[in-house]
Engineer: 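First, the structure itself, so that you have it in front of you.
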Amino acid sequence: MFIIPPLAMAFNSAIVEEISLRGIVFRITEERLESYFALLISAALFGAMHFANPNSS
């Protein structure tokens, strides 16, 4: 029963992260650049957001 709030918080943050990176950043950059460059930019931003996490690998 104690696992439900942390799982809900993790699920919610994952959804917000995906919408912000792929739904907003990727679409805006894809309109101005090619899909390949938009993918590189969104992947770089994703990596930069997780770089400070000590548990990332």
Side-chain angles (χ1 to χ4, degrees):
M1 201 59 150
F2 294 110
I3 194 75
I4 293 173
L7 283 177
M9 189 170 43
F11 188 70
N12 187 27
S13 65
I15 289 173
V16 169
E17 184 177 289
E18 288 294 324
I19 289 173
S20 65
L21 278 175
R22 288 179 177 72
I24 298 171
V25 173
F26 180 77
R27 294 293 179 187
I28 290 172
T29 55
E30 187 182 31
E31 288 176 0
R32 296 184 178 164
L33 304 170
E34 297 177 12
S35 296
Y36 182 73
F37 292 118
L39 181 62
L40 286 175
I41 291 170
S42 67
L45 285 173
F46 181 83
M49 286 174 54
H50 292 90
F51 186 70
N53 185 358
N55 296 323
S56 66
S57 58

Engineer: What distance separates Leu39 CG from Glu34 CD, expressed to the nearest 0.5 Å?
Structural biologist: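 These two atoms lie 12.0 Å from each other.
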Engineer: Closest heavy-atom contact between Val25 and Thr29?
Structural biologist: O-OG1, 2.8 Å
Engineer: Same cluster for Leu45 and Tyr36 if Ile/Leu/Val/Met/Phe/Trp/Tyr side chains link at under 4.5 Å?
Structural biologist: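 Yes: a chain of side-chain contacts under 4.5 Å links Leu45 to Tyr36.
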Engineer: What heavy-atom pair brings Ser35 and Phe26 nearest, and what distance separates the two atoms?
Structural biologist: O-CE1, 4.0 Å
Engineer: Give the minimum heavy-atom separation between Ile3 and Pro6, together with the two atoms involved.
Structural biologist: O-CD, 3.2 Å
Engineer: Could you walk me through whether Phe37 and Arg32 pass the side chain to side chain contact (heavy atoms under 4.5 Å, CB included) check?
Structural biologist: CA-CA 10 Å; Phe37 292 118; Arg32 296 184 178 164; over 6 Å; no
Engineer: Is it possible for you to say whether Ile24 and Val16 belong to one hydrophobic cluster, with membership spreading through side-chain heavy-atom contacts below 4.5 Å?
Structural biologist: no
Engineer: Do Ile19 and Phe11 sit in the same hydrophobic cluster, where Ile, Leu, Val, Met, Phe, Trp and Tyr count as joined when their side-chain heavy atoms come under 4.5 Å apart?
Structural biologist: yes
